[in-house]
Amino acid sequence: MIVVGQSADSKFQPYKPCPCDSGKNFKFCCYPKAIEAKNSKSQKERYEEYSDGRINYEIHKLWEETDFKTCFGFDKEKCKKEIKSAHSIQNNRILNRISVDNHVYRFSNKATKRDIGVELKKVSKNKASTFFGFCDFHDTELFKPIELREYNEEPLQNFLFAFRALCLESHKKARELEVRKNIFRKRPELMIDRASVFQYQVSCLDIEDYAESRELFKQDYFNNDFSKIRTFYRKLDFEIEFATSSAFAIQHDIYGNEIQDIYSLKEDISTIYVNVYPVDGGTNILLSYRTDQDFKFEGYFKQLETLTDQKLMQHLNRLIIQYTENIFFSPNFIENLTERERESLTDTIQSSINLTKRLDLILDDNYFNFNLFNKST
Ligand SMILES: [Zn+2]
Ligand SMILES: [Zn+2]
């Protein structure tokens, strides 16, 4: 998530390592370059001359350049074969169910000079939701309990759904940090821009938080103890036409009370794991957290239990769009939306990082003007 905001101490310390990874201290590395670039008019003018197409291309290139292969499997000595692209959402069980002619829709960024927008793209289901986070062995072996068996509330299944969402998010956060570093290298003046520095600091903290969480999952795995994942489960009696798997930090409970300040650089930010997907004749809804975070999430999860299916769907409609872009849709769902609903979907997801967009949508009465849980037929 790109955070809109900044904090009072969003500055790089002169005698701390430079964010460009040179190993030198900031003051003697990029700081002079940042001052020079800030005062250079020609550079700023050069960026202003870029066309929207060029900017979109550059942003996508920045993202593509950061892809990397790793295995988040627990027992590294068992890693085998290459790192292949692993599905964050099961191909055979889930994507199959929502695809039409082997295609699904996903969100894609579309950058212009003004902002980074969002559009819907039709992609092959084999390429949808994949990331380079597991070797061949771990992708197959570790996840067998959710690949080969229907979900039946086993603690190990809850653990694996949560863990995979965490790994996907960890991979994405590592890439986001690389993007920020590459932007600093290209545009050193942003190293003294508070908003940019703040976002960089948030990225660093996110990565630390996610690494700590993965370590806890690892301990549980080796202790064969899967009781530390608390899961809220609800089954709907119809098949939805989207699927999502994600890990994110929520700010508010159902009634708008703050659970944690997700913009704080000082507080530890805790994550929940969300998997919502269709099965044969129904829909599984799984929300989880680690029980050491009871003090934050116990109340929220009790609230979830009290919701009717209808209210739960309303809540998830907001939650999912507000916090994740890792959602895949059936072409039937997307192609049956009205033009206005489709616009509401892409603009509302964009509005989670763009306050002006949110105001525009509210004024236009088109904010959250869609229902993910609607059936197209
Ligand atoms: Zn440097
Ligand atoms: Zn491995």
Side-chain angles (χ1 to χ4, degrees), residues 10-40 43 62 65-91 129-148 156 159-172 174-201 203-204 207 210-211 213-222 224 245:
S10 298
K11 276 198 287 192
F12 286 124
Q13 298 303 311
Y15 298 103
K16 289 270 171 69
C18 188
C20 79
D21 285 342
S22 64
K24 288 189 254 176
N25 286 346
F26 181 54
K27 184 175 176 179
F28 304 106
C29 186
C30 288
Y31 179 66
K33 288 183 220 164
I35 297 286
E36 195 192 314
K38 197 185 174 191
N39 295 329
S40 146
Q43 187 155 8
L62 270 171
E65 280 168 357
T66 62
D67 210 354
F68 71 101
K69 294 181 174 185
T70 189
C71 180
F72 291 114
F74 300 117
D75 28 16
K76 283 278 147 63
E77 69 283 357
K78 288 193 182 149
C79 282
K80 259 192 213 129
K81 292 197 202 154
E82 54 184 328
I83 311 287
K84 59 176 192 183
S85 57
H87 279 272
S88 66
I89 295 175
Q90 289 150 281
N91 197 6
S129 96
T130 56
F131 71 117
F132 289 114
F134 293 100
C135 72
D136 209 5
F137 172 79
H138 282 111
D139 187 37
T140 312
E141 292 302 318
L142 182 58
F143 295 105
K144 268 187 175 163
I146 53 175
E147 290 286 346
L148 302 183
L156 174 59
F159 174 91
L160 290 173
F161 269 111
F163 181 64
R164 194 166 49 191
L166 172 65
C167 293
L168 171 74
E169 211 53 39
S170 301
H171 193 262
K172 195 172 138 204
R175 290 181 70 180
E176 277 175 11
L177 181 65
E178 274 315 300
V179 167
R180 296 194 196 292
K181 283 184 182 175
N182 288 339
I183 291 176
F184 281 153
R185 288 183 192 113
K186 285 190 173 119
R187 300 189 55 187
E189 72 274 18
L190 294 177
M191 290 192 193
I192 48 174
D193 170 71
R194 290 204 162 183
S196 301
V197 173
F198 175 73
Q199 288 179 351
Y200 174 90
Q201 289 168 329
S203 278
C204 291
I207 285 171
Y210 283 102
S213 298
R214 287 202 314 276
E215 197 49 43
L216 295 173
F217 274 83
K218 185 175 170 180
Q219 287 168 19
D220 290 352
Y221 187 80
F222 286 124
N224 209 17
S245 172

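Indexing begins at 1, ligand by ligand and atom by atom, following the structure's order. If you read the sequence from its start, that first residue is 1, and numbering goes on from there. Note that these values count all heavy atoms, side chains included, but never hydrogens, waters or copies made by symmetry.
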With ring centroids as reference points, do F72 and F217 lie under 6.0 angstrom apart?
no
Does the ring centre of F143 sit less than 6.0 Å away from the ring centre of H138?
no
Once rounded to 10 degrees, what value does the angle at the Zn ion (ligand 2) take between SG (C79) and ND1 (H138)?
110°
Can you tell me, to 10 degrees, how wide the angle at the Zn ion (ligand 1) is between SG on C30 and SG on C20?
110°
Is the Y200-F12 ring centre distance short of 6.0 angstrom?
yes
Roughly, to 10 degrees, what angle do C71 atom SG and C135 atom SG form around the Zn ion (ligand 2)?
120°
Mind listing the closest non-hydrogen atom pair of F74 and R214 along with its distance?
CE2-O, 4.4 Å
